[in-house]
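Worth knowing before you read on, the calculation uses all heavy atoms, side chains too, and leaves out hydrogens, waters and symmetry mates. Chain naming here is simple, since letters A, B, ... match the order of the sequence lines and numbering starts at 1 in each.
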2 protein chains.
Amino acid sequence: MKPEDYPAPVCPPRGAHPCDACGLRNNPAFLPLAHEQLRLIEAFRTGEREVDAGGAIIHEHRRSTQLFTLYSGWAFRYKTLSDGRRQILGFLLPGDFIGLQDEFADGQTHGVEAVTGATLCTFSRDRLWEMFKAQPKLGYDITWLAAREEKLIDDNLVTAGRRNASERVAMLLMQLYRRAERAGMIKDGWVEFPFNQQHIADALGLSLVHTNKTLRRLQRLGLHKLDNGWLRILEPHALEALGDYFERPLRAVPLI
Amino acid sequence: MKPEDYPAPVCPPRGAHPCDACGLRNNPAFLPLAHEQLRLIEAFRTGEREVDAGGAIIHEHRRSTQLFTLYSGWAFRYKTLSDGRRQILGFLLPGDFIGLQDEFADGQTHGVEAVTGATLCTFSRDRLWEMFKAQPKLGYDITWLAAREEKLIDDNLVTAGRRNASERVAMLLMQLYRRAERAGMIKDGWVEFPFNQQHIADALGLSLVHTNKTLRRLQRLGLHKLDNGWLRILEPHALEALGDYFERPLRAVPLI
DNA sequence: CGGTCCATTGACCCTAATCAAGCCACGTGG
DNA sequence: CCACGTGGCTTGATTAGGGTCAATGGACCG
C-alpha cells in the first residue's frame, strides 16, 4: 500500500524444464495443461528476455522474429501516427501472449513497450505452425487468446469512439482492476498501477491535461484513489455504472 | 456506376459438396485449400442463411450457437452502450469469418448486422475444436483470420482515439476501398458503398451531422465521390496522406 | 397525399484541446 | 550543501473542434 518500489521482475525459471517450475502456471487464473502439451511449449520456447521499464519489446516498425508470453511486469501495445500522436491499443499483464498479429500482418503493425521492468518467455515465430500441427489443442488455445484480446480491443474502441471523458476513465479503471483481479494481483484492495497520466491519456484518446482533470474529479468524488503507483477502487458499482462497463467474473484462460 | 440496385445476394451453392462450387473460393483473394481440408469444412458446415438488409446476424446480447462465413453482402460488428450510443467495430465483407470472439467470451459480446441483403454459410460452434483437432491447418487459418481482424480493429482504434474528423473519414474510405479491392469488388473504379452516414458516424465515433459536413468537404475538395450507394476514390494519395493510412497491397487470406 | 428515411445546412453551445505556469520529488554535479 | 535539470502532476485561461438542435428538401412508397 505504501510500496517501496515495484518488485523487481521475477525471472522465468531456467534449466531443462523451465515450464515445470513456471511461477505463472500455478496461478488459478490459468488453465492447466496436459504434460505432453507442456513439453511441446518447452520445445517451442527459445529462452527468456528481460526488458527495462520503458524499453521496447517489439519495435513499432520492425517485424519481430519472436513471439512472447509476458511473464512478469506490465506492458502495452501502441501505434503512432507519423506526427507522433500515439494511441495505446491495450495494456498487457503477465500471461498475455504477444506478437501474434505480426505473424499474419500484411504491412505495418504495432509496437509493444514495457511500463515496468518486465520479463518474457520467447518463442520462435517460424515454428508456430509446427506447434499447431503437433498439438492442435495449443493452436486452439492461441486462437482463444487472440479472440479474448480482440474482445478487449472492442471494448477500448467503444470507449474511444463513444464514451465521454469521465466514462472513459471509469471504464479503464474497472477494466484494469478486473483483469488484475483475475490474475491475483490485488493486495489489500490495492493494485499496482505503474502507468503515468500520459499512458492513460494515450489509451483513452484524451489529452494529458484533460485526463488529469478527469482523474482528479473522479478521485475527489471518492470513486477511486491513486497513490504513488497503486490504485484502489473505492466505489466499484459507481465506476461500473458511470463507465457502463460491467465485466463478469473472468474465467481462467490458457497460458502459452 | 449508375446501379439499378444492389445485386441480389448470391446464394451459396447447395448439394452434396457445396464448397466445390463455392463462388468465393475461385476468387484469388483467397488461398486455395487441400481437398481434404475442403471436405472437412463441408462436414463442419451446417447450412446457409439469408439475411435481409438491416437484419441481425448475431444479436448483441444473445450468445449465438453458430459461426458464419459471410458469403455475399456487407455487414458490420457493433456494440451499443445502454443509452443507445452505438459504436461500429468494423465492417465485414464476403469471406470474413464471423462469431469467433463469442466462442471464448466471458461475458457480453458484440452484435452483427447486415447492411445489404446478405448470405452466409453457417457452422456449428460446438464443433470448432473438432475441426482444429482434425485439421490443424484449418485451426491455423482461423487464427490467421482472427489476427487479421485484430489488426483492423487496431487501426479503427487509432482512428477513433487520435484522428480528427477529416482524417477519420479519409482513413475509413481508403480502408474500405483497399479491402474491397483485394476482394475484386471494384467495377470501373467504383465500389459498392451501401452504408448510410449514420453507419459512417458510428464507425468513426463522430456525430451524424459532423460526419455529413466532413464527407461533403472532402468531396467538394475532389478527393472522392459518393453517389447513390457507390464510392469512387479520386485522389487516393491525398486521402492516404490525409488519413496517414497507407495499406499495402493485401495478401490472399484463408477462407473457411 | 401523407409518411418515412436519408442527406444537407445553419445556428448555437459545450467538451475537451491547447497554452502556460507552477509544484514536487528526484538525481547529479560543483 | 545547494543549484540545476528532469519527469510527472496540477491548475487556470482561452480556444476550437465537434456535438446538439432545428429545419428543409428529395426520393420512395403505400
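- When all heavy atoms of A/Q197 and A/N212 are compared, the closest pair comes out as OE1-ND2, 2.8 Å.
- Residues B/F195 and B/W74 place their aromatic rings such that the two centres sit under 6.0 Å apart.
- Among B/L173, B/N228, B/D227, the single residue meeting the side chain to side chain contact (heavy atoms under 4.5 Å, CB included) criterion with B/F193 is B/L173.
- When DNA chain D is scanned 5' to 3' for any atom under 4.0 Å from a heavy atom of chain A, the first and last hits are D/dG8 to D/dA13.
- Contact annotation for A/G54: no contact, since no heavy-atom pair falls under 4.0 Å across all strands.
- Here NE2 of B/H224 is found 7.5 Å from CD1 of B/I233. Values are rounded to the nearest 0.5 Å.
- When the P atom of C/dT15 is taken as reference, atom CG of A/N164 falls 9 Å away, rounded to whole Å.
- If you check every strand for non-hydrogen atoms under 4.0 Å, B/L206 touches sugar and phosphate atoms only.
- Contact detail for B/G161 and A/Q87: the closest heavy-atom pair is CA-OE1, 3.3 Å.
- Scanning residues 211-222 of chain B for heavy-atom distances under 4.0 Å to DNA chain C yields B/N212, B/K213, B/R216.
- Residue B/F193 contributes atom CZ, which lies 14 Å from atom P of C/dC6 at whole-angstrom precision.
- One can place CG of A/D83 at 10 Å from P of C/dT18, the figure rounded to the nearest angstrom.
- In this structure, CG of B/N196 is placed 9 Å from C1' of C/dC5, rounded to the nearest angstrom.
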